[in-house]
Student: 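Before I ask anything, here is the structure I am working with.
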Protein chains: 2
Amino acid sequence: MKVLVVEDDQFHARYVLDAISEELPEVTEIAHAINRDEAEIEARTGGFEAIVMDLQMEQGNGIDAARAIWAHSPQTRILFWSNYADEAYLRGISQIVPEASAYGYVLKTATRDRLKLALRAVLFEGQIMISRELYQYQRHRQPSSALDKSEYAVLLDLALGLQDKMIAERQNLSLRTVQNRLQSLYDKLGIDEEDGPALNKRVRALNCAIRKKALNLQTLESAEAEYQRWRETQ
Amino acid sequence: MKVLVVEDDQFHARYVLDAISEELPEVTEIAHAINRDEAEIEARTGGFEAIVMDLQMEQGNGIDAARAIWAHSPQTRILFWSNYADEAYLRGISQIVPEASAYGYVLKTATRDRLKLALRAVLFEGQIMISRELYQYQRHRQPSSALDKSEYAVLLDLALGLQDKMIAERQNLSLRTVQNRLQSLYDKLGIDEEDGPALNKRVRALNCAIRKKALNLQTLESAEAEYQRWRETQ
DNA sequence: ACATTTTCTGCGGGAACCCGCAATGGCGCA
DNA sequence: TGCGCCATTGCGGGTTCCCGCAGAAAATGT
């Protein structure tokens, strides 16, 4: 079994490499990439069955790297190993994970035992394994506070700075429907329940989404890139 | 000389501790805190002359911790050791650093030699030392693209979601002047020069500020807390 | 098949926002 | 002192945004 580790922090890289060789004697070869370019080249040419990847890397972000890798070899199992329990990351990943693959999400603050467990479960057994801290965001039939898919899509467009008309065009909705989506977005982000004077709901929504970790810098960058691509074809 | 290291990542903590004992034999005692509470208690009771602190910690952020420490002992020298070269951090720090103290900002990606240099320069010699990657934001007489103090203040209020009238009240400006500030903010963030269809400038400004690292999650949290405090006294 | 609920859509109005124009008032410089 | 420059402020108008109302369309339950 061949495993690739993508991690730019040398200490964390060593830690994972050690954990892998301890927990998975089945692994015959371990490679190590320290940035996105290296990772994609290695993944394309190395024929790895499994990858451990840090989501925060210097150039680009881990989700885009994973998308590229999965586009080329959709059966690759990827364990994401991240500092942050952001809903934004989990949403980004679950949108791109292919049917044929397995993935996991472990926090760097997890114990060594939990990391080892995830390594075995995901890389070797092909299970899906998500850290409990994130699982709350997985609620599909939600308690009214989780964003559904279309609301999240509108949130992304709002975050880009698009106006209602443009969002309607991109989502193939009428203007009024977009405004309804925004309304429920405002509700779910809890914007009106704050007392105090009136706020600019649009900006407040972006602010809250970021503070609640529903969006983060990588999400914004990805959405921006996607929007620019969309605009070329409009 | 007594030094306190505030760092929640065990590997990075060990790295710094090693570097300190190698580079600064003058240090007689090294303590280690792994979160904000520990850091404040240690700093208050330990009588440290110098601190090395990670800006990203689990609870609260490093800047608020530094503010609390400096409020209690303003001569303490603090070397910030961070993963990110965000303008937001530098602005936050330079607003709270007391006259009597010295501080430094080093990236975790810096070489061991540069870290050692910063340790000696800041902790021992009491110099100011800022990583080159960040120094670009220090331009006081700026090439028209850097935000001046009042523009940054308006940016913070905008980011909170305040509307023009409220910003005017908080900054003691007329409505129209706030709008002028917003105008120059939009210019400097480069919002109009994008082709494409019109955007919602307010949201776009927040988006750009975040992508340009002029704001980050910690900034938003701090500004939010400060705003809530202000509202109590209104 | 029918009734009920939910979602989508258009219309209209009040509020907030963006910004051009012009008047005022400080500040430096010759 | 006088002149020009720039920040500040008020006014007005066009645009966008937020949202209540009500009808149309779709989904759901019986």
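Labels below follow one simple rule: chain letters A, B, ... track the order of the sequence lines, proteins then strands, and each chain is numbered from 1.
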Student: On DNA chain D, does the nearest nucleotide to Arg176(A) precede the nearest nucleotide to Gln163(A) from the 5' side, or the other way round? Give the residue.
Tutor: Gln163(A)

Student: Could you tell me whether the side chain of Ser222(A) and the main chain of Thr219(A) form a donor-acceptor pair under 3.5 Å?
Tutor: no

Student: Taking CD1 from Ile191(B) and C1' from dT16(D), how many angstroms apart are they, rounded to a whole number?
Tutor: 16 Å

Student: How long is the line joining CG of Asn180(A) and C1' of dG23(D), in whole Å?
Tutor: 14 Å

Student: I'd like to know if Gln179(B) reaches the base of dC19(C) with its side chain, counting only an N/O donor and acceptor under 3.5 Å.
Tutor: yes

Student: Could Arg231(B) and Glu226(B) be called an ion pair, given the rule that one side-chain N must be under 4.0 Å from one carboxylate O?
Tutor: no

Student: Measuring from the side chain of Gln183(B) (C-beta onward, heavy atoms only), which nucleotide among dA7(D), dC8(C), dC19(C) has the closest atom?
Tutor: dC19(C)

Student: Would you kindly compare Ser174(B) and Lys165(A) by the position of their nearest DNA chain D nucleotide and give the one closer to the 5′ end?
Tutor: Ser174(B)

Student: Do Arg204(A) and Tyr186(A) meet the cation-pi criteria used here (NZ or CZ under 6.0 Å from the six-membered ring centre, within 45° of the axis)?
Tutor: no

Student: From CZ of Arg181(B) over to C1' of dT8(D), roughly how many Å is that when rounded to an integer?
Tutor: 9 Å

Student: Take atom OH of Tyr186(B) and atom P of dG20(C), then tell me their distance rounded to the nearest Å.
Tutor: 13 Å

Student: Between atom CG in Leu182(A) and atom P in dC19(D), what is the gap in whole Å?
Tutor: 10 Å

Student: Figure out the CG/P separation between Asn200(A) and dC17(D), and round it to whole Å.
Tutor: 10 Å

Student: Quick one: Glu169(B) CD to dA16(C) P, roughly how many Å, whole number?
Tutor: 13 Å

Student: Over all heavy atoms of both residues, which pair between Ile34(A) and Glu38(A) is shortest? Give the atoms and the distance, please.
Tutor: N-OE1, 3.3 Å

Student: Just to be sure I understand the rule, does Lys201(B) reach a base, reach only the sugar-phosphate, or reach nothing, if contact means heavy atoms closer than 4.0 Å?
Tutor: sugar-phosphate

Student: Please report, rounded to the nearest Å, how far the C1' atom of dC17(D) is from the CG atom of Leu158(A).
Tutor: 11 Å

